[in-house]
Chemist: 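One structure coming up, written as structure tokens, with questions to follow.
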Amino acid sequence: MKNIVILISGRGSNMEAIVKACAAEGWPARIAAVISNRPGAGGLAFAAEHGIATALVDHKAFAERAAFDTELARVIQSYAPDVVVLAGFMRILSADFVRAFDGRLLNIHPSLLPAFPGLHTHQRALEAGCKVAGATVHLVTPELDHGPIIAQAVVPVLPGDSEATLSARVLVREHEIYPRAVRWLVQDELAVENGLVTQLQGRAQALI
Ligand code: GAR
């Protein structure tokens with residue numbers, strides 16, 4: 001049984017999708033903890049209601065990024081994680097932190113990486129006149145929103161779209177691809193070669 005630790009900063013809808021898929025599909029894994037850097041994160045209540053351990057590591061309590069990262073890593077390690085999932089976790093993590101969880105740290109980003117790393121992805125996609133948008137699940141490397149791509153989902157950008165309508169359309173697909181990608185990692189179905197991920201059963205294409 002593998003331990004999954006999920007990090008959130010807010011609503012936690014991706015975390016919810018992963019919790020539900022893990023239970024419904026009988027993954028060889030359990031959600032060992034949900035950790036937030038914000039006391040008010042809505043997802044903490046969902047986790048607690050589902051009997052999942054929760055923890056708070058409030059970044060505001062730390063003067064230095066390095067001290068926050070050290071404490072966050074200590075709390076994560078206390079749950080003996082096999083996989084660490086960033087699910088709307090809105091803090092940039094240091095290279096040392098990332099290296100400590102190399103190969104087992106996942107992120108979802110609401111754009112078709114490598115386009116639009118960073119913030120305000122949907123607004124930037126609209127301003128650029130993109131005809132499609134989407135989301136990317138990737139292994140985390142020290143460079144922000146980079147790292148080997150595991151899965152992507154594409155949605156159309158429709159006439160009259162706003163940031164709200166586009167982000168809602170993308171979020172539906174995030175809830176499909178993130179649980180799949182976590183499951184693949186849990187089941188040792190991913191291989192990384194020269195910085196590129198292959199999904200051993202070749203099912204990643206089916207998600208697009
Ligand atoms: C999601 O859209 C996720 O892709 C994005 O934050 C949202 C969190 O929603 N993540 C990032 O922007 C990371 N750079 P959720 O809390 O409901 O899962």
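Read the numbers this way: they start at 1 and go in the same order the structure lists the ligands and their atoms. FYI, the numbering just counts along the sequence from 1. These numbers were taken from a predicted model, which means no experiment stands behind them.
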Chemist: Please determine whether a side-chain nitrogen of the Lys or Arg among Arg173 and Glu176 lies less than 4.0 Å from a carboxylate oxygen of the Asp or Glu.
Modeler: yes
Chemist: Go through ligand 1 atom by atom and flag the ones less than 4.0 Å from a non-hydrogen atom of Glu174.
Modeler: 1 (C), 2 (O), 3 (C), 4 (O)
Chemist: Nearest to atom 12 (O) of ligand 1, what protein heavy atom do you find, and at what distance?
Modeler: Pro110 CD, 3.4 Å
Chemist: Considering only non-hydrogen protein atoms, determine which one is nearest to atom 9 (O) of ligand 1 and report residue, atom name and distance to 0.1 Å.
Modeler: Arg11 NH2, 3.0 Å
Chemist: Looking at Asp69 and Arg74, does any basic side-chain N land under 4.0 Å from a carboxylate oxygen?
Modeler: no
Chemist: Taking the basic N atoms (NZ, or NE/NH1/NH2) and the acidic carboxylate oxygens, is any pair closer than 4.0 Å for Arg99 and Asp96?
Modeler: yes
Chemist: Could you identify the single nearest non-hydrogen protein atom to atom 8 (C) of ligand 1 and state the distance to 0.1 Å?
Modeler: Gly88 CA, 3.6 Å
Chemist: Among all protein heavy atoms, pick out the one at the shortest distance from atom 15 (P) of ligand 1; state its residue, atom name and that distance to 0.1 Å.
Modeler: Ser13 N, 3.4 Å
Chemist: Measuring from the heavy atoms of Ala135, does anything fall under 4.0 Å of ligand 1?
Modeler: no
Chemist: For ligand 1, which atoms, with element, lie under 4.0 Å from some heavy atom of Ile108?
Modeler: 4 (O), 10 (N), 13 (C)
Chemist: Could you check whether Glu25 pairs with Arg180 (Lys NZ or Arg NE/NH1/NH2 to Asp/Glu carboxylate O, under 4.0 Å)?
Modeler: yes
Chemist: Going through the distances and angles, do Ser13 and His175 end up as a side chain to side chain donor-acceptor pair (under 3.5 Å)?
Modeler: CA-CA 8 Å; Ser13 69; His175 297 164; 2.8 Å; yes
Chemist: Note the single closest protein heavy atom to atom 16 (O) of ligand 1, along with its residue, its atom name and the distance in Å.
Modeler: Gly12 N, 2.8 Å
Chemist: Does ligand 1 have an atom that lies less than 4.0 angstrom from a heavy atom of Glu16?
Modeler: no
Chemist: Pick one: which of Leu72, Val75, Val57, Leu105 meets side chain to side chain contact (heavy atoms under 4.5 Å, CB included) with Leu7?
Modeler: Leu72
Chemist: Looking at His109, which atoms of ligand 1 are within less than 4.0 Å of one of its heavy atoms?
Modeler: 14 (N)
Chemist: Are Val98 and Val85 joined in one hydrophobic group, where the rule is that I, L, V, M, F, W and Y side chains link up if heavy atoms are under 4.5 Å apart?
Modeler: no
